[in-house]
2 protein chains.
Amino acid sequence: MQEREIRAFVTIADARRMDRAAQQLGYSQPAISYQIKCLEKSLRTKLFERTPEGVRLTDSGRRMLPTAREMLALMERMKRISGVGGNTGVGGNTGIDGVASELDHLLSEGAGAPSSTPR
Amino acid sequence: MQEREIRAFVTIADARRMDRAAQQLGYSQPAISYQIKCLEKSLRTKLFERTPEGVRLTDSGRRMLPTAREMLALMERMKRISGVGGNTGVGGNTGIDGVASELDHLLSEGAGAPSSTPR
DNA sequence: AAACCTTACGGCTTACGTAAGGATA
DNA sequence: TATCCTTACGTAAGCCGTAAGGTTT
């Protein structure tokens, strides 16, 4: 279970289309398909039903979505605590700092998107 | 950020030794060292201080540990909902409730630990 | 044909185990 | 020397983009 898979899951669920989610995340569409396939394999459950208009959550997928969202929030919190969220951090990071902001699920970026962000 | 890295983090923190944690998780000891190194890199923070007797949590590591435990709990819940985590959960186990840390590094199997399956 | 997902394939990257190295006591 | 972590290195597996294939409308 990996961060990018969870993020793909939630993004697809919101967009109801893989190609759009792929675009949002900066991946090719087959890459997103692959990520979901991996997640479905590791959970041994089908998360989406594929339709010609996009995808639709299965019953299992619908049950897991809230947990997936919580997971994303926790990961963001962890990054925020560590100081990763939003700071480029050129060098000399001692790791001892007083980061204690308590924002919530803003700012998904940081180390997420891989490359080629056409905007 | 990957499941195995979080699991390694928590297990090491509990064992206070990498070699023991590696044993518990079914990895070689360098593999665990590598996993933590990856997590530290992705968080841009040192999580442990290495000592000849084992390891000791840094300040950052100590701050992140509770969140890491919650993350593990969420992953276990997700597996449980999907039917991977030992419980088949046919009935109405919807699992929609607040975050609750439960047990941590019990039951790594299912799709997690490589066990004694080298390449 | 258009829209959207999946499969196939080649290539770069990651992850692991074994072996060797380094540091502390 | 004993203990425990890290580095080096070779190999297997993973991940992604491009290209080609399905399926429904």
Side-chain angles (χ1 to χ4, degrees), chain A residues 1-58 61 95 111-119, chain B residues 1-58 60-61 108-109 111-119:
Chain A
M1 209 180 307
Q2 309 194 15
E3 179 175 15
R4 82 173 85 88
E5 295 168 350
I6 304 296
R7 181 165 278 120
F9 174 39
V10 171
T11 306
I12 295 171
D14 286 343
R16 296 213 284 281
R17 277 183 204 162
M18 286 200 191
D19 60 343
R20 191 170 301 269
Q23 201 174 1
Q24 288 177 22
L25 295 173
Y27 287 104
S28 72
Q29 193 270 339
I32 289 294
S33 180
Y34 172 78
Q35 290 176 6
I36 282 299
K37 190 173 156 190
C38 288
L39 184 58
E40 288 178 328
K41 196 170 104 184
S42 89
L43 292 172
R44 291 206 266 276
T45 307
K46 204 157 194 176
L47 296 169
F48 294 105
E49 259 171 73
R50 279 73 165 172
T51 77
E53 306 96 36
V55 298
R56 188 173 49 241
L57 276 169
T58 61
S115 63
S116 75
T117 311
R119 201 138 306 174
Chain B
M1 210 180 309
Q2 309 194 16
E3 178 175 17
R4 81 174 87 86
E5 295 168 349
I6 304 297
R7 197 179 303 278
F9 174 39
V10 171
T11 306
I12 294 171
D14 286 342
R16 295 211 284 281
R17 278 184 203 161
M18 287 199 188
D19 61 342
R20 191 171 300 270
Q23 200 175 0
Q24 287 177 23
L25 294 172
Y27 287 104
S28 72
Q29 193 269 339
I32 290 293
S33 179
Y34 172 78
Q35 290 176 6
I36 283 298
K37 189 174 157 190
C38 288
L39 184 58
E40 288 179 326
K41 195 170 105 185
S42 89
L43 292 173
R44 292 207 266 275
T45 308
K46 204 158 193 175
L47 296 170
F48 294 105
E49 260 170 72
R50 280 72 165 172
T51 77
E53 307 95 36
V55 298
R56 187 175 50 243
L57 277 169
T58 60
S60 286
S108 309
E109 199 43 54
S115 220
S116 55
T117 310
R119 338 226 114 255

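Below, chain A is the first sequence line, B the second, and so on; all start at residue 1.
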- Message: So, using side chain to side chain contact (heavy atoms under 4.5 Å, CB included) as the criterion, who are the partners of A:T45 when residues are at least two apart?
- Response: A:L43, A:S60, A:M64, B:S82
- Of all the choices, C:dC5, D:dC15, C:dC16, which nucleotide is nearest to the side chain of B:Q35 once you look at every atom? C:dC16
- Message: I'd like to check the ring-ring contact (aromatic ring centres under 6.0 Å, His included) partners of B:Y34; sequence neighbours left out, ordered by chain and number.
- Response: none
- Note on the structure: Ranking D:dT6, D:dC4, C:dC5 by distance to the side chain of B:R50, first place goes to D:dT6
- Query: Quick one: salt bridge (charged side-chain N to carboxylate O under 4.0 Å, His left out) partners of B:R20, sequence neighbours excluded?
  - Reply: none
- Task: Whole angstrom is fine here: how far is it from CG in A:L39 over to C1' in C:dT6?
- Result: 17 Å
- Atom pair distance, as rounded to whole Å: NZ in B:K46 and P in D:dC5: 13 Å
- What is the minimum heavy-atom distance between B:I36 and B:A8, and which atoms define it? CD1-C, 4.3 Å
- Figure out the CD/C1' separation between A:Q2 and D:dA13, and round it to whole Å. 12 Å
- Message: Among D:dC5, C:dC5, D:dG17, which nucleotide has an atom closest to any side-chain atom of B:D19?
- Response: D:dC5
- Base, sugar-phosphate, or nothing: which does A:E49 touch, judged by heavy atoms less than 4.0 Å apart? nothing
- Query: When you check the phosphate oxygens OP1 and OP2 of C:dT6, does a side-chain N or O of A:S33 lie under 4.0 Å from one of them?
  - Reply: yes
- The side-chain hydrogen bond (donor to acceptor under 3.5 Å, both in side chains) partners of A:R17 (sequence neighbours excluded) come to none
- Item | Nearest-angstrom distance from the residue atom CD of A:Q24 to C1' of C:dC4 | 16 Å
- Gap between atoms CZ and P, on A:R17 and C:dT6 respectively (whole Å): 15 Å
- Task: Looking at every strand, decide which applies to A:E5 at a 4.0 Å heavy-atom threshold: base, sugar-phosphate, or nothing.
- Result: nothing
- Could you check how far CZ of A:R20 sits from P of C:dC5, rounded to whole Å? 10 Å
- Query: Would you say A:K37 reaches C:dT7's phosphate, i.e. side-chain N/O to OP1/OP2 under 4.0 Å?
  - Reply: yes
- Item | Atom CD of A:Q29 with >12 non-hydrogen neighbours under 6.0 angstrom | yes
- Item | Any pair counted as salt bridge (Lys or Arg N to Asp or Glu O under 4.0 Å), so long as it reaches residues 46-57 of chain A, sequence neighbours left out | A:E40-A:R50, A:E49-A:R56
- Item | Rounded interatomic separation in angstrom, taking CD1 from A:I12 and P from C:dC5 | 8 Å
- Query: Under 4.0 angstrom, heavy atoms only, what part of the nucleic acid is A:R4 near: base, sugar-phosphate, or nothing?
  - Reply: sugar-phosphate
- Query: Does a side-chain N or O from B:Y34 land closer than 4.0 Å to OP1 or OP2 of C:dC16, or not?
  - Reply: no
- Once you round it to whole Å, what is the distance between P of C:dT14 and NZ of B:K41? 6 Å
- Query: Could you write nucleotides 18-25 of chain C as a row of B, S and -, 5' to 3', where a protein heavy atom under 4.0 Å of any base atom gives B, of only sugar-phosphate atoms gives S, and otherwise -?
  - Reply: BB----S-
